[in-house]
Amino acid sequence: MISLSKKLMLIDGNSIAYRAFFALPLLNNDKGIHTNAIYGFTTMLMKLLEEEKPTHLMVAFDAGKTTFRHKTFEDYKGGRQKTPPELSEQFPFVRDLLDAHNIKYYELDQYEADDIIGTLSKQAEKDGFETVIISGDKDLTQLASEHIRVDITKKGITDLERYTPAHIEEKYGLTPDQIIDMKGLMGDSSDNIPGVPGVGEKTAIKLLKQFGTLEKVLDSIDDISGKKLKERLEENKHLAEMSKQLATITLTAPVTVKLTELEKQEADYEKLTKLYKELGFNSLLDKLDGEEEEVELKDIDWEEVTDFEKDDLPSQAELYVELYDENYHTADILGISVHADKKTYFISPEHASKSKVFKSWIEDENHSKSVYDAKGSIVAFGRLGMDLKGIDFDLLIASYVIDASEAADDFASIAKRHGADAVPTDESIYGKGAKKKVPEAEVLKQHTARKAAAIHHIKETCIQSLEKNEQLELFEKLELPLATVLAEMERKGVKVDIDRLKDMGVELKKRLEEIQTDIFRIAGEEFNINSPKQLGVVLFENLKLPVLKKTKTGYSTSADILEKLKPEHEIIEHILHFRQLGKLQSTYIEGLIKVIHDDSNKIHTRYNQVLTQTGRLSSTDPNLQNIPIRLEEGRKIRQAFVPSEKDWVMFAADYSQIELRVLAHISDDTGLKEAFHKGMDVHTKTAMDVFGVKKEDVTSGMRRHAKAVNFGIVYGISDYGLSQSLDITRKEAAEFIKKYLDSYPKVKEYMDDIIHEAKQKGYVETLLHRRRYIPEITSRNFNLRGFAERTAMNTPIQGTAADIIKKAMIEMADRLKAESLQTRMLLQVHDELIFECPKDEIEKLEKIVPEVMESAVELSVPLKVDYSYGNTWYDAK
DNA sequence: TGCTCCACGC
DNA sequence: GACGTACGTGGAGCAG
């Protein structure tokens, strides 16, 4: 075969997906979507791209149910098994996959993929292409020619048989054209093409070798040997002709794509990564990382300086600080870059901290800086003795506000998402895991410089997106100022009484040992209680306790299951207690001690401002948003959180039922609003409304149920979730939710409306225009759609609550400053703010804090804040 | 090192 | 009917 420079690959999409589906076991990903066909399709595609290196590429799909062939023969493809739903649900993902690879796909009403492929392959032949066709359907082999090769899947999916005219000659002794005649004679059971009864492959080939074409065979029936065969051909002449017609691939389908449009393009790695993650294709993700790193680095102009002249630093510039790891409180500061006008500078942190010109520029709020990660930058510059001010843009936050679903793992992926693809990933510069290291100076400096330049390139696009989505105010007036407030909170840190923690640790250790001894005695053997695997063996095999639930890997030993086994065996309560105390010891005693800064005995958490899909913050190193409170033993941990100054107190304020108030506001439901206007206990009120009883007749059980439903509404749990938390059947839970919605009709209306809106727009919004895209809302997959619907209902509630407390935090910080108070805001726990303050400021705070928090936004129901103070966080209850 | 299980908070 | 179902972070065990 002559090697031509243009190589076209045409893939029969349906056929390959079918092949993959039946060749691979029915794989599931963690979302319950079947993925075997998608996976098989992907691996096959990768292999083909690598081996064939096509310059042009397209995937053809069959369109709909009927084709022009059905006019010839109604029962064409009749009797074929309906596509299994497990497969059809995968087709949309195959298309997503192709989109992510930037591979064109095409379908044409009334035509099959074969016809599209046939038409294009012949056009390509004329235009001097070499073409490879990939399918599982041997029919396609009729297209083989000098410049068209047809590869048909054999067993499995990666094994292909290459049909060239020579191979067909060798295999059947026929030319490619004669394949159609062969089909006419012998038929094709898979497409329900009848052919001539009694004529199979052998006879068909024999006849064609003798006469050449079907028509000639039918004209020469008299010359054929064998009486029976003659009769059959005679009787089925018409059937044979129709069969040939059906099997003939049309070469003149009205295909509208041009070959020039099929040129192979670079994949969209961002999209691919997202898709692979969604599908759980971890092995493919790994490969992807490798490919991405190969991206060529375009040189940029940058200059290293040791100091600045005043004129170097204009009133608008991009600023970037490069750190060695993600914890900006402690990470090595490796370099700083500034993109000013058309120049990009690099300066070492040592030189930067000595430069007076630089410091005064950094601290001048009239000089605007565009950064990546405002909060981290403020902290890092703080460590260099500079108070970073005047941040007017943050690429990281902007990207989060625009679409929180795109993970913010590193600069490169965010830059690329917004069109700057010349920034290498940090991993490619530093390596990862044990191999991570600072690269040679030139590489580091260029990398740092490149980021400042990238921010400059992207800024405008981001602002336009924000503007278009009416999110500029959310970005500029809420998230950006919040970053400064959070930086301040993190930097101040919260003081920990380390001795108190250690004492608790000693006490816990003693008790754990005692419980362990008990457990071993009762079990009659020693084992690792912390190993669910070993514990499972002891409980369910040795002690023969009933198995109520299994996990993927063995027996479930979760607390709710053990709780049910309590009456069965005395060992259970010991195990539960051991678990509870063990958690306190490892996570809260040892874990907290690990992150206390030696010099100050303070903890400096990091709030992640760009992570959650709802707009909430999260907290790491340590997570101060999950310090125990519900059980007394755990709650005592809070005694270790103390004021950092003598004679100060901890002051805690929390919003009462903020989410339900938000729901009352959004839904405008009279009954729900009444609870808040009258200052009632909302769970009792719900119990009254749902069970139709008077206040004094609400039992504790009713209230508990009502509370669980309210909880479910706020967090968007399903009937299943509710059934779990109340230990009732799913049906009962569903009925319960229905009763709730009947009692609050406008809540029901809101739920219906918001789902409808999400379907229309593809996203939902909070009060302050925070957006969450919910593409799965139109999914045909029951699970995904159900999940999406709950997300649509829940996000505006939880997200609005998040908006409100964020706004309150900014206003609180302003107010403390305006009133020149010493009080420090230290922590945020979703609906709660914790301060430390001198005792003589308590009285003021008691007025200011509720006032600011309650008036952060105005809803149609009042916001209510409860507060309290004490010598430790524990005592502020 | 990455996965699973478990448990804490809102 | 669909069979796994609020969001996070972190520790321990375990397999490769």
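The figures that follow rest on heavy atoms only: side chains count, while hydrogens, waters and symmetry mates do not. Letters go in sequence order (proteins before strands), and every chain restarts at 1.
As rounded to whole Å, 13 Å separates atom P of C:dT5 from atom CD1 of A:Ile717. The nearest whole Å value for the distance from the CD atom in A:Glu776 to the C1' atom in C:dT5 is 13 Å. Per the geometry, CD belonging to A:Gln90 stands 15 Å off C1' belonging to C:dA2, to the nearest Å. Protein atom CG of A:Asn608 is 7 Å distant from nucleotide atom P of C:dT9, rounded to whole Å. One can place CG of A:Asn528 at 11 Å from P of C:dA12, the figure rounded to the nearest angstrom. Rounded to a whole Å, the NZ atom of A:Lys435 is 12 Å from the C1' atom of B:dT1. As rounded to whole Å, 14 Å separates atom C1' of C:dG11 from atom CD1 of A:Ile637. The distance from atom CG of A:Leu726 to atom P of C:dA6 is 14 Å, rounded to the nearest whole Å.
Taking the side chain of A:Thr620 as heavy atoms from C-beta on, and the options C:dT9, C:dA6, C:dG11, the nearest nucleotide is C:dT9.
Using a 4.0 Å heavy-atom cutoff across all strands shown, A:Phe787 reaches sugar-phosphate atoms only and no base atom. Residue contacts for A:Arg635: at a heavy-atom cut-off of 4.0 Å it reaches no nucleic acid atom on any strand shown. Nucleic acid contact class of A:Asp719 (heavy atoms, under 4.0 Å, all strands): none. Residue A:Gly433 is in sugar-phosphate contact alone, with no base atom involved, counting any heavy-atom pair closer than 4.0 Å across all strands shown.
For the pair A:Gln534 and C:dC14, the criterion of a side-chain N or O lying under 4.0 Å from OP1 or OP2 is met. OP1 and OP2 of C:dA6 both lie 4.0 Å or more from every side-chain N or O belonging to A:Asn794. Neither OP1 nor OP2 of C:dG10 sits under 4.0 Å from any side-chain N or O of A:Lys594. In this model, the phosphate group of C:dA6 is approached by a side-chain N or O of A:Ser718 to a distance below 4.0 Å at OP1 or OP2.
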Legend entry - Nucleotide pairing, DNA chain C (Watson-Crick or G-U, distances under 3.5 Å), in dot-bracket with [ ] and |: ......|||||||||.
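Around NZ of A:Lys877, the count of heavy atoms belonging to other residues, nucleotides or ligands within 6.0 Å exceeds 12. Enclosure of atom CD in A:Glu326 is not indicated, since only 12 or fewer non-hydrogen atoms of other residues, nucleotides or ligands lie within 6.0 angstrom.
Between the A:Thr766 side chain and the A:Pro796 main chain, no donor and acceptor come within less than 3.5 Å of each other. Between the side chain of A:Ser725 and the main chain of A:Leu722, a donor-acceptor pair closer than 3.5 Å is present. Here the side chain of A:Gln613 pairs a donor or acceptor atom with the backbone of A:Ala404 at under 3.5 angstrom.
Checked against the 6.0 Å centroid criterion, the rings of A:Tyr740 and A:Phe736 do not qualify as a close aromatic pair.
For the side-chain hydrogen bond (donor to acceptor under 3.5 Å, both in side chains) criterion with A:Arg616, the lone passing option out of A:Gln609, A:Gln625, A:Gln798 is A:Gln798.
Salt-bridge check for A:Lys731 with A:Glu735: failed, with every basic side-chain N at 4.0 Å or more from each acidic carboxylate O.
A cation-pi arrangement, defined by a distance under 6.0 Å to the six-membered ring centre and an angle within 45 degrees of its axis, is present between A:Lys436 and A:Tyr324.
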Inset, instruction - Heavy atoms under 4.0 Å is the rule here; annotate nucleotides 4-10 of chain B 5' to 3' with B where the base is hit, S where only the sugar-phosphate is, and - elsewhere. - result: SSSBBSB
Inset, instruction - Begin from the C-alpha positions of A:Arg511 and A:Glu514 and carry the test salt bridge (charged side-chain N to carboxylate O under 4.0 Å, His left out) through to its verdict. - result: CA-CA 5 Å; A:Arg511 294 176 59 194; A:Glu514 286 166 12; 5.9 Å; no
